[in-house]
Every structure is written in C-alpha cells, then in structure tokens.
**Q** 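My questions all concern the structure below.
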Protein chains: 2
Amino acid sequence: MPAPSTRDLIVKEADVLFYQSGFEATSFADIAAAVGISRGNFYHHFKTKDDILDAVIAHRMERTRAMLDRWQTENEGPRERILSFIHMLIANRSQIMNFGCPVGTLCSELAKLDHAAQVHATGIFGLFRDWLAVQIRALGAVDRAEVLALHLLAWSQGVAVLATAFKDEAFICNEVAGIEHWLESLPEGPRNSSN
Amino acid sequence: MPAPSTRDLIVKEADVLFYQSGFEATSFADIAAAVGISRGNFYHHFKTKDDILDAVIAHRMERTRAMLDRWQTENEGPRERILSFIHMLIANRSQIMNFGCPVGTLCSELAKLDHAAQVHATGIFGLFRDWLAVQIRALGAVDRAEVLALHLLAWSQGVAVLATAFKDEAFICNEVAGIEHWLESLPEGPRNSSN
DNA sequence: GTCTATAGCCGGATAGAC
DNA sequence: GTCTATCCGGCTATAGAC
C-alpha cells in the first residue's frame, strides 16, 4: 500500500468532519487543520468545497460497496448477510448516538440546502436498498423484495434518528431485537406485509 | 385576536426558515427579509441567534401540545388518535419529501453542532412519545406502552428520512399502510413484540 | 506541491439617531 | 420600536513566492 496522497488525506478527514459536524458547519480551516496543511494548499487539489463533497460521497460509495461485498462473501446465506446490516446499529451505536447515520443525516442536510449533490448522496441509500433487495429475494420474498428492503432501511434510519435525539442505548437494542424478530418472520408467513 | 407582535412574526418566520433551510444555514438577513424589518431591529427582541432558536423550539412545543390536545378531543378512542398521528405522514408528505420531519432534522442538526438546545428540541419528541404511550396503554398494552410508542415514533422518522432522500410518494403510502396494519395488530396478540 | 498573504464577502453583533 | 451605519471575525477563494 503506497503512502496516502494529500488528496486522499483531505477526503478522509473531510469525510469524518462532514459526518461529525455537518457539511456546512465544516470549514476549510477545520479540514486543513485536521490534515495538517495550509488552507491555500487545498485549492491545488479541489477547486471548490462542493468538489470535496463530491469526492467524499464517491469515497463513501466505494467504502459501502466494499462493505457489502465483504458481507456477501463472509456470510453463508442471505439471512446472515441481512444480520450484518442490522448489527451495524449495535456496532456503531456510540457514533450514531452522537452524530446519527452518516448517510441519512447527509441526505437530510443536503435536501435543506437544496444542494445538487443530494441525488448523489441518495445513491448510497440506493446501494443498500438494492443489496438488501437481493438478499430478501434470495429468502423467497421475490415480488415484494424492494418494498421490504426499503422498509428495513427506513426502520434502521428511524432507530438512528431517535437514538441521536434521546441518546438511549437500550432503545437501540430493543429495536434491533425487533428487527431480528421481523427478519425471522420473513419467508414463513403466506403474506409477509411490511410490519 | 390582537395583531401579532414583531417578536411573534420573527419566531414564526424563523420557524419556517429553520425547517426549510436548517438552523445554521439561516442568517439574520434571511429572517429579517422574511419579516420585513431591518437586521438591527432584531436585537431589540433577541440578544443572540440561540435565543431565537430557543423561542422557535418553545413555539413548536406549544403547537405540538395544542395539536395533541386537539387529537385527544376530536377522536373517540385511542386507535383513532394514533391514526391522526400516523396520517401526518400523508398530510405533510410534500413538505416531508422536501425538508424531512421538522423535529427529527432539527435534533440531528443540533446534535452535530453539539448545541445546548438539542435537549430542548428532543423534548418535542418526548411530547409525542408520552402522548402515544398514553394511547397505547389505553389500547391494553400497558407494560410495553413506552417501548411501542418509541417504536412507532422511530418508524415514522425512518419514513421521513427515506422520503426526503428518495422523494418517493408511493413509498410513504406503503409504509403508512404498514403502520396501520401494525396498529390493527396491537392489542389482539398475546405478545405484540415490536414488529 | 506547499506555503504566505490577501482579496472580497457575509456572518453575528453593537451603537446610536430618530 | 425601528432604523442606518458600522465593527469584527470567519468564510471561500485567489495570487504568487518558493
């Protein structure tokens, strides 16, 4: 692995800061300080702040794709793969209680800013939705797979929002148990509606 | 009803702008322009921007309380009252697809800003949670009422986040139908777990 | 590729006339 | 109670030396 370029370092630090402080509240000075370079140097790598945002989103999409691929190969069946997704809520609970879900909060912020990159950011949700739909289809729920995938995604987002608001770890565990129970009920019933 | 004071107008316009553009992205100039006063005049009514935020949150709490009271008296039973809550997602779907849930997005933004008012804003969620718990208790789910109330709140938040991201009206309707189905199943089963 | 210096703008906040 | 004028600081972005 070669030494990371300055550009890569900028994207990496911007990624963290956009998550923890939000896109708009993060200034060039903040990123520069985190990377350890001067503010001026910056514009040699990115023309505008929006360019950094695009790079951060592209980076997150790449990481998401890699993570989904890993879950795909590391798990034996679709049920275990979906569990990997669900357990993110547990594994990242501290971060989620402090800053919410990186994807959901970014999409919401960009929507309010009426920012062109909002569609780009939503693409990350799309990756999860499509991957989950593949797994759910493999479970046997062929015709309603997309709807169920969106439902699972929405559920996890709701958990993230309330976890951030109330900082309640027990709530997260309760909901995760609920999601697991829902997952178990998925292929058996004759008509597994969205609850 | 007396003519609204300038202070009331500021709170009213700030309320809308904080919702549509976010707290940080809304400047004094924006609010002043919306109200039709000069920026300087502003500080006669509020010392700092944070003071306006506090007033906006207090105003939202008051409106929420009034709405919950109205739902309480306008509906015959707890089930119909909960339906009033659920149908907010339909009634406000345009706004939600553009700007998300006013409560959830504000809490998330304030969390990232590490803002002292975040606890205050979470109090609005608390109003909904407690009111929903009362209704669910009246349905017969006495011991798990609070957990189920939080679950319903989370579900609606998840719908709002994904609706904002994907701008998908059919998705909202699907999920609302799912919530209604979940509500119907509430008191009957011997063990209505969180799905 | 990285730096310093600085332009130009806009943010929140203040002072004081009317 | 509302206004104009203004301060100060931080912001994005640029210019140009090294």
Side-chain angles (χ1 to χ4, degrees), chain A residues 1-57 59 106 109-110 112-118 120, chain B residues 1-59 106 109-110 112-118 120-121:
Chain A
M1 195 184 300
S5 67
T6 300
R7 200 199 125 99
D8 293 339
L9 286 175
I10 290 173
V11 172
K12 184 187 146 210
E13 296 297 337
D15 184 21
V16 174
L17 286 168
F18 287 174
Y19 174 42
Q20 296 184 345
S21 306
F23 168 66
E24 231 211 336
T26 301
S27 69
F28 279 18
D30 295 331
I31 306 173
V35 179
I37 59 170
S38 70
R39 271 163 307 165
N41 186 1
F42 230 95
Y43 291 87
H44 190 263
H45 303 280
F46 298 95
K47 288 197 193 305
T48 68
K49 196 181 177 186
D50 288 350
D51 287 346
I52 303 180
L53 176 60
D54 283 336
V56 166
I57 293 173
H59 179 243
L106 182 61
E109 182 182 0
L110 295 181
K112 279 185 203 281
L113 297 177
D114 204 16
H115 198 291
Q118 201 250 357
H120 195 183
Chain B
M1 195 184 301
S5 68
T6 300
R7 199 198 125 100
D8 292 339
L9 286 175
I10 291 173
V11 172
K12 184 187 147 208
E13 297 296 338
D15 184 19
V16 174
L17 286 168
F18 287 174
Y19 173 43
Q20 296 185 346
S21 307
F23 168 66
E24 233 212 335
T26 301
S27 68
F28 278 18
D30 296 330
I31 307 172
V35 178
I37 59 170
S38 70
R39 271 164 309 175
N41 186 1
F42 235 99
Y43 291 86
H44 190 262
H45 304 279
F46 298 96
K47 288 196 195 306
T48 69
K49 195 181 177 186
D50 288 350
D51 286 347
I52 301 179
L53 176 60
D54 283 337
V56 166
I57 294 174
H59 178 243
L106 181 61
E109 181 182 0
L110 296 181
K112 280 185 202 280
L113 296 177
D114 205 17
H115 197 292
Q118 201 251 356
H120 195 182

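The figures here come from the full heavy-atom set of this structure, side chains too, leaving out hydrogens, waters and symmetry mates. Residue numbers begin at 1 in each chain, while the letters A, B, ... track the order of the sequences. Here the structure is a predicted model, which is why all the values come from computation and not from measurement.
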**Q** Taking only residues two or more places apart in sequence, or in another chain, which ones meet His115(B) in a side chain to side chain donor-acceptor pair (under 3.5 Å)?
**A** Asp50(B)
**Q** More than 12 foreign heavy atoms under 6.0 Å from CG of Asp51(B): is that the case here?
**A** yes
**Q** Whether the side chain of Glu109(B) engages the backbone of Glu24(B) through a donor-acceptor N/O pair (distance < 3.5 Å, no angle test) should be reported.
**A** yes
**Q** In residues 8-20 of chain B, what donor-acceptor pairs under 3.5 Å come from side-chain atoms, sequence neighbours left out?
**A**
| residue | atom | partner | partner atom | Å |
| --- | --- | --- | --- | --- |
| Asp8(B) | OD2 | Ser5(B) | OG | 3.2 |
| Asp15(B) | OD1 | Arg60(B) | NE | 2.6 |
| Asp15(B) | OD1 | Arg60(B) | NH2 | 3.1 |
| Asp15(B) | OD2 | Arg63(B) | NH2 | 3.4 |
| Tyr19(B) | OH | Gln95(B) | O | 3.2 |
| Tyr19(B) | OH | Gly100(B) | O | 2.6 |

**Q** Looking at residues 32-46 of chain A, who's got a heavy atom less than 4.0 Å off DNA chain D?
**A** Gly40(A), Tyr43(A)
**Q** Below 4.0 angstrom, which residues in residues 4-23 of chain B have at least one non-hydrogen atom near DNA chain C?
**A** none
**Q** Give me the first and last nucleotide of DNA chain D, going 5' to 3', that has any atom under 4.0 Å from a heavy atom of chain B.
**A** dG1(D) to dT4(D)
**Q** Please table the atom pairs, donor to acceptor, closer than 3.5 Å between any side-chain atom in residues 29-42 of chain A and protein atoms at least two apart or in another chain.
**A**
| residue | atom | partner | partner atom | Å |
| --- | --- | --- | --- | --- |
| Asp30(A) | OD2 | Ser27(A) | N | 3.0 |
| Asp30(A) | OD2 | Ser27(A) | OG | 3.1 |
| Ser38(A) | OG | Asn41(A) | N | 3.4 |

**Q** Under the criterion side chain to side chain contact (heavy atoms under 4.5 Å, CB included), I'd like the reasoning laid out for Phe46(B) against Asp54(B): C-alpha separation, chi angles, the key distance, then a yes or no.
**A** CA-CA 10 Å; Phe46(B) 298 96; Asp54(B) 283 337; over 6 Å; no
**Q** Side chain to side chain contact (heavy atoms under 4.5 Å, CB included) for Phe23(B) and Leu113(B)? Distances and angles first, verdict last.
**A** CA-CA 10 Å; Phe23(B) 168 66; Leu113(B) 296 177; 4.1 Å; yes
**Q** Which pair of non-hydrogen atoms, one from Leu110(B) and one from Ala121(B), has the smallest distance, and what is that distance?
**A** CD1-CB, 4.0 Å
**Q** Let me confirm one number: the CD-CD1 distance from Gln118(A) to Ile57(A), rounded to the nearest 0.5 Å.
**A** 9.5 Å
**Q** Can you measure Asp50(B) atom CG to dG11(C) atom P for me and round it to whole angstrom units?
**A** 17 Å
